[in-house]
Asker: 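Dumping the structure here so I can ask a few things about it.
The structure displayed is predicted, hence computed values, not measured ones. We count ligands from 1, going down the list as the structure has it; atoms in each ligand are counted the same way. When a residue number appears, it is its place in the shown sequence, counting from 1. Computed over heavy atoms, backbone and side chain alike; hydrogens, waters and symmetry mates excluded.
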Amino acid sequence: MYKSLSKDQVTANYSAAKQAYALLGVDTDAVVKAAAAVSISLHCWQGDDVVGFENPDQVLTGGILATGNYPGKARNAEQLRSDLAMAASLIPGAKKVALHGLYAETGSKKVPRDELGPEHFANWISWAQKTKLGLDFNPSFFSHPKADDGTLSAADKSTREFWVRHGIQSRRIAAAMGKATGAPAVNNVWIPDGSKDYPADRLSPRLRLKDSLDAVFAEKFPADHLIDAVECKLFGIGSEAYVVGSHEFYMGYAVQNKVTLTLDMGHFHPTETIADKIPGILPFVPGLMLHVSRGLRWDSDHVVTYNDDVQAVFNEIQRAGAWNRVAVGLDFFDASINRIMAWTIGARSVRKAILGALLEPSGLLRDEEKSGRLGARLALMEELKNLPLGAVYDYLCLSQNVPNGTAWINASDTYEKEVLSKR
Ligand code: RNT
Ligand code: ZN
């Protein structure tokens, strides 16, 4: 059995930590509240290896891949909601759930993707209302027979129109979710279109994609119901040579059309990180969405761990004062470990990085920079690494009524024994 520190011990450690941060002018009580208030969107697709309920035999396409066969994955909506609720109970702070078109509940009826509407997500919506979780949405442009030769950029007109209709419907679904839950839902458009080898024409598919997106985004919705986002990518399996929706393409599209840009941490060159892109892009787009992920050698979608890359991303949001313009979502799918643990590890790490960023005395760093004291700036950054983030994080967990330290593993183990292993 893993044990938590006692409440008294957590509080004692916290008051020592509070003093250390106070020396730098940081009000930890306020920071703990602010860090818990930033929503983390739990991606439903970690729970079942991106299969969904449309067709349990459909293999995952689109150049993404979940590897592993850890037992106990969710096989229907009820199981997935139960698993999400379990993980949510171990993750401190505000949370949303990100759904995909694939997770519609259409009963015994087969509903084509271009006819999916809010009514097919009614159970998810009422569950979200009951559990006070927000919702986000993603149209599913993959794992479908019509997605083999492109979707929104397809050369074939009727294929393209099919996917445009799915895109239009997905915004109606997301807007209904936003309206019902009282927090705007991000509708994130990612398409897999691309090619395995060098194309002769890289422009035409992009022009078609631009037109399709214009058609998808034509309908207007209130900003407090829906946030439109587009997600770029460098390459996928089978689209190594060319991806239509590249970073430059969507950067241009987002700037021109004032939509949110999604940055997935796994979607760039293997040595490229996204932290510096954040202040580079913020002057031009209304908002950013993060897909916090961990690419290992490729866009492998490993479970997020607390590392320098993740901390650097949230530091840039803090330094840019951009918390209200950034939506934080997770995007990984590891089928080789307990999936509740995957969600919990990833989301707890992200919460820690959010807290770490908010604990930074950014004003002090900036003052040293302004007065040209660059040695002091570097010294501060170095000393900050030693401050007791862990003690404040434990306190945040305590204040959010979730286990601190390793003790959450017990709860996950019990759930595995009592629920997952019986599936
Ligand atoms: C794929 C994108 C996309 C998906 C999910 C399932 O490379 O990252 O966000 O992972 O929508
Ligand atoms: Zn992503």
Asker: List every atom of ligand 1 that sits less than 4.0 Å from any heavy atom of Ile64, numbering the atoms from 1 in the order shown and giving each element.
Answerer: 1 (C), 7 (O)
Asker: Can you list the protein N, O or S atoms less than 2.8 Å from the Zn ion (ligand 2)?
Answerer: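 Result, waters dropped: Glu231 OE2, Asp264 OD2, His291 ND1, Asp331 OD2.
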Asker: Does the gap between the ring centers of His267 and Tyr250 come in under 6.0 Å?
Answerer: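 They do not qualify: ring centres at least 6.0 Å apart.
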Asker: Closest approach of Asp136 and Val186, non-hydrogen atoms and distance?
Answerer: OD1-N, 2.8 Å
Asker: Could you list the atoms of ligand 1 found under 4.0 angstrom from a heavy atom of Phe333?
Answerer: 10 (O)
Asker: Would you say Asp264 has any N or O atom under 3.5 Å from an N or O of ligand 1, going by distance alone?
Answerer: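 Indeed, backbone or side chain, Asp264 has an N or O that close.
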Asker: Would you call Glu115-Lys109 a salt bridge at under 4.0 Å N-O?
Answerer: no
Asker: Under 6.0 Å between the ring centres of Phe53 and Tyr103?
Answerer: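 Yes: the rings meet the under 6.0 Å criterion.
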Asker: So Phe137 and Leu226, side-chain contact (heavy atoms from CB on, under 4.5 Å) or not? Walk me through it.
Answerer: CA-CA 10 Å; Phe137 194 67; Leu226 174 69; over 6 Å; no
Asker: What part of Asp299 sits under 4.0 Å from ligand 1 if we count only heavy atoms: the side chain, the backbone, both or neither?
Answerer: side chain
Asker: Quick test of your reading of the model: are Glu369 and Arg366 salt-bridged, counting only N-O distances below 4.0 Å?
Answerer: no
Asker: Provide the number and element of each atom of ligand 1 under 4.0 Å from a heavy atom of His100.
Answerer: 5 (C), 6 (C), 11 (O)
Asker: Give the atoms of ligand 1, by number and element, whose distance to some non-hydrogen atom of His291 is under 4.0 Å.
Answerer: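 So the answer, numbered in order with elements, is 9 (O).
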Asker: At a 4.0 Å threshold, what atoms of ligand 1 neighbour a non-hydrogen atom of His267?
Answerer: 1 (C), 2 (C), 7 (O), 8 (O)
Asker: Looking at Lys233, which atoms of ligand 1 are within less than 4.0 Å of one of its heavy atoms?
Answerer: 1 (C), 7 (O)
Asker: Any idea which heavy atoms bring His166 and Leu116 closest together, and the distance?
Answerer: CE1-CD1, 4.3 Å
Asker: Could you work out, for atom 9 (O) of ligand 1, the closest of Gln46, Glu231, Met289 by heavy-atom distance?
Answerer: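 Looking at heavy atoms only, the winner is Glu231.
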Asker: Taking Asp49 first and then Arg339, would you say they form a salt bridge - that is, a charged N and a carboxylate O separated by under 4.0 Å?
Answerer: yes
Asker: With a 4.5 Å cut-off on side-chain heavy atoms, are Tyr70 and Glu416 touching?
Answerer: yes
Asker: To the nearest 0.5 Å, how far apart are OG in Ser300 and CD1 in Ile64?
Answerer: 12.5 Å
Asker: Any side-chain heavy atom of Val31 within less than 4.5 Å of one from Val392?
Answerer: no
Asker: Looking only at protein heavy atoms, which one is nearest to atom 4 (C) of ligand 1, and what is the separation?
Answerer: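 Protein heavy atom with the smallest distance to atom 4 (C) of ligand 1: Asp331 OD2, 3.5 Å.
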Asker: If the contact criterion is a heavy-atom separation under 4.0 Å, does His43 count as touching ligand 1?
Answerer: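 Under 4.0 Å: no for His43.
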